Each structure stands twice: as C-alpha cells, then as structure tokens.
There are 2 protein chains.
Amino acid sequence: MTSETKLPTRRLDRTDIAILRQLQDNARITNAELARAVNLSPTPCFNRVRALEKLGLFRQHVTLLDAGALGLRINVFIQVSLEQQVEDALRVFEKEIEDRPEVMECYLMTGDADYLLRVVVPDMQSLEHFIVQWLTKIPGVSNIRSSFALKQVRYKTALPLPTVGLTLPSGEETPQEWT
Amino acid sequence: MTSETKLPTRRLDRTDIAILRQLQDNARITNAELARAVNLSPTPCFNRVRALEKLGLFRQHVTLLDAGALGLRINVFIQVSLEQQVEDALRVFEKEIEDRPEVMECYLMTGDADYLLRVVVPDMQSLEHFIVQWLTKIPGVSNIRSSFALKQVRYKTALPLPTVGLTLPSGEETPQEWT
DNA sequence: GTTGAAAGAGGCGCAGC
DNA sequence: GCTGCGCCTCTTTCAAC
C-alpha cells in the first residue's frame with residue numbers, strides 16, 4: 001500500500017450514508033446483505049463499516065423492546081427546576097439521574113434552566129414512588145411539573161441524514177441537503 | 001414431546017429477564033456469549049430468545065449513531081397546539097409527522113391536548129425551515145412553542161425491567177419489583 | 001428442561017487486479 | 001479502490017439424557 005488503505009476521511013459519500021441508514025434500521029444485518037443493499041461487494045463494504053466505526057459514528061447496537069408488551073404503560077415528562085443553577089447543583093442532579101433506570105432521557109433546557117426528563121414506569125404507584133421518594137429528595141430540586149403522554153405517536157432512534165453527502169464536524173462546514 | 005416444547009408463556013423468569021437486559025445493551029451479542037452471560041448453554045438460550053421473539057417483545061434491532069459526530073447539533077422540544085382536538089385533526093397531524101425524519105419522537109399529551117415533539121436538526125436554518133415552511137403549514141396547527149436542549153444529559157433506549165420476575169399483560173397483574 | 005455433535009452460513013483476512 | 005478464495009467461528013438443528 002502507498003499510505004493508509006482507508007484512512008478515516010471526514011467526507012462521507014452517498015454510499016457511506018446508505019450504509020449508516022441501513023445500520024440505523026437494522027443492527028443485525030449481515031455484511032453480505034448490507035453490501036447488496038448499497039450496491040457493493042462484501043469486502044469494500046466491510047472496510048467502509050470499519051472506517052465509519054473508527055470515525056466514532058456508532059454509539060451502540062441495541063435491541064428496542066416493546067414497552068406495552070412488558071406492561072410499561074406510563075410515559076411521563078417531568079420538568080424539574082433547581083433552586084439555584086450553580087454548576088454544583090447541576091452536577092449533583094445529573095449524578096443522581098444515572099442510577100435510575102426509569103429515566104430514559106434527560107435534557108438540560110434553556111429558559112428556566114431546568115431539566116426535562118422522560119420517565120417510563122409500569123403504573124401510577126411506581127411513578128408516585130419515583131417522584132415522592134426519590135426525585136423530591138434530591139438536594140436543590142425546587143419545583144416539579146409532570147405531563148403525561150396519552151399516546152406515543154412516534155418513537156425512533158434513526159437520526160436524519162443528508163441525502164447526498166456529508167462533511168463531518170471539525171472539517172469545515174459546507175451547507176448540506178438534510179432530508 | 002408431550003404438548004408444546006416452549007409454548008409462549010406469559011410468565012418471564014429471571015433468566016428471561018437477564019436475556020432481555022443483555023439484548024437491550026447489545027443487539028449483536030452472539031448466542032454463545034449471551035448464553036454465558038445468563039449461565040445457560042447455547043441451545044436453551046437460543047430457544048428462549050426465540051420464545052421471547054414470538055411473544056412480540058422485540059421491536060427492532062438498531063444501531064445508535066452519534067448525533068454530535070454527524071453534525072446534528074440541535075435538539076429541540078416543540079409543543080404543538082391544534083385549533084380543535086377533533087379526531088380528524090389529530091389524524092391529519094399524525095399522518096404528516098410520519099414522513100419527517102427530523103421528528104425523532106412525538107407524543108399526544110394530556111392537558112391542552114397538544115403534541116410534544118423532539119426534533120433533531122443540524123443547524124438553526126434547518127430548524128427555521130422545519131417550523132416555518134412545514135410545521136406551521138399543517139392544517140389545524142394553532143400554536144407552537146419551542147424549548148432548546150442545551151445538553152443531552154442522558155439518552156437511553158433500554159427499558160426498566162423488574163429484577164425478579166414479570167407477568168406479561170393480559171395475564172393477571174401481580175405486583176412486581178421494578179428496578 | 002438440559003448437553004453434545006454436526007452441518008451450513010457468515011465474518012474476516014489475504015493475494016491479485 | 002474492487003474481486004475471489006479460504007479459514008474459522010458462530011448460528012442453528014437434531015439427536016439423546
């Protein structure tokens with residue numbers, strides 16, 4: 001070889017993007033299938049996947065379970081305000097969050113500088129326990145407001161990707177067509 | 001065999017739950033590894049996974065990509081109110097949602113009977129385009145309020161599962177220890 | 001339920017174009 | 001960058017306990 005065979009480039013072409021799309025939809029696709037789906041032969045397809053991995057684009061391969069089938073009926077968004085938005089209080093709160101499996105998502109939000117949580121529990125009793133016995137006992141938590149989801153209209157994990165090409169951050173920015 | 005070998009039971013024991021836990025964390029685990037992780041030999045492990053599949057517990061095996069690495073910097077929650085909460089208006093709105101890849105999540109909420117969206121876009125320009133050129137043009141949409149996520153403190157797809165045992169819905173409910 | 005063996009498929013690396 | 005070959009591990013099935 002002259003230099004590196006497939007040195008991690010910051011420019012993804014449409015084939016790379018097609019690969020990412022396929023993997024977002026199906027983490028268990030075989031390399032042979034994937035290659036067929038993106039019009040490549042298995043070896044170069046495999047090499048591209050490895051290169052994309054090296055770029056750190058993959059977080060995890062996961063199985064999505066059916067919450068309803070498992071009896072997890074309650075999906076609730078909880079807005080949490082802290083008494084003081086000093087960095088220390090934030091760190092404490094975020095540390096507490098880590099161990100609670102019912103907290104599916106947690107965002108630090110603009111505006112009132114509070115947190116938005118999405119919490120999943122099987123029933124109201126569990127929710128009450130979560131809020132009263134745990135959430136309100138975190139030091140610094142001042143106000144809590146819950147909104148219930150009546151229906152999960154959409155839930156997906158596949159990120160929106162551009163159709164044509166994509167320059168990765170810390171390369172310079174080019175305007176891209178996002179679909 | 002006397003009747004069915006492994007007829008889909010509605011009762012999951014701790015081994016089933018251990019399997020679900022492993023798969024939630026790693027969709028690409030091999031059956032051999034999985035078996036070792038849950039203290040089983042490969043064959044019964046494989047049979048259990050197939051039984052869990054038949055129960056409809058698995059939604060999908062997906063690859064989670066790194067939004068930041070792909071230049072998707074903006075994560076915004078949008079509350080959408082409709083002029084009238086007639087069923088027809090809801091159906092129209094939900095239908096429109098389906099085709100927009102930047103809508104990661106959409107929930108029908110209690111209270112003002114509106115929707116909560118989580119939208120991911122690369123930049124402000126894309127967000128403006130999404131809201132002005134598309135969202136506001138859906139018939140029935142009256143009010144829109146956006147809140148930005150400054151930081152994604154936590155994002156996971158693994159549902160909270162009980163530690164010990166679990167009776168699936170449409171069997172009768174027994175109180176379970178949810179962790 | 002469990003273990004063990006056997007066949008078929010796919011991952012993965014290599015040599016050549 | 002692509003193709004074709006080959007090893008080797010894993011999945012998946014089938015017998016017996």
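What you see below is based on every heavy atom in this structure, not just the backbone, and it leaves out hydrogens, waters and symmetry mates. The structure presented is a predicted model; accordingly, all values stated were derived computationally and were not measured. Residue numbers start from 1 in every chain, and the chains themselves are labelled A, B, ... in the order their sequence lines are given, proteins ahead of strands.
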Inset, instruction - Please report, rounded to the nearest Å, how far the C1' atom of dG1(C) is from the CG atom of D16(B). - result: 13 Å

Inset, instruction - Supply the atom-to-atom distance R36(B) CZ to E33(B) CD, rounded to the nearest 0.5 angstrom. - result: 6.0 Å

Inset, instruction - Could you tell me whether a side-chain N or O of R48(A) sits under 3.5 Å from a main-chain N or O of I19(A), the two making a donor and an acceptor? - result: no

Legend entry - Spacing between F46(B) atom CZ and dA5(C) atom C1', to the nearest angstrom: 16 Å

Inset, instruction - Count the heavy atoms belonging to other residues, nucleotides or ligands that lie under 6.0 Å from CD of E87(B), then report whether that count exceeds 12. - result: no

Inset, instruction - Using a heavy-atom cut-off of under 4.0 Å over every strand shown, decide if R50(B) touches base, sugar-phosphate, or nothing. - result: sugar-phosphate

Legend entry - Derivation and outcome, side chain to side chain contact (heavy atoms under 4.5 Å, CB included), residues F58(B) and L20(B): CA-CA 9 Å; F58(B) 302 152; L20(B) 293 179; 3.5 Å; yes

Inset, instruction - Send over the distance from N47(A) CG to dC2(D) C1', rounded to a whole Å. - result: 10 Å

Legend entry - Geometric class of the Y107(B)/F77(A) ring pair [parallel <30°, tilted 30-60°, perpendicular >60°]: perpendicular

Legend entry - Interatomic distance where CD1 belongs to I29(A) and C1' belongs to dT11(D) [whole Å]: 18 Å

Legend entry - P160(B) vs V121(A) side-chain heavy atoms within contact, under 4.5 Å: no

Inset, instruction - Pull out every residue in residues 30-44 of chain B that has a heavy atom closer than 4.0 Å to any atom of DNA chain C, ordered by number, or say none. - result: L40(B), S41(B), T43(B), P44(B)

Inset, instruction - Calculate the interatomic distance between N26(A) atom CG and dG10(C) atom P; express it in whole Å. - result: 14 Å

Inset, instruction - Can you tell me the distance, in whole Å, between the CG atom of D13(B) and the C1' atom of dT2(C)? - result: 14 Å

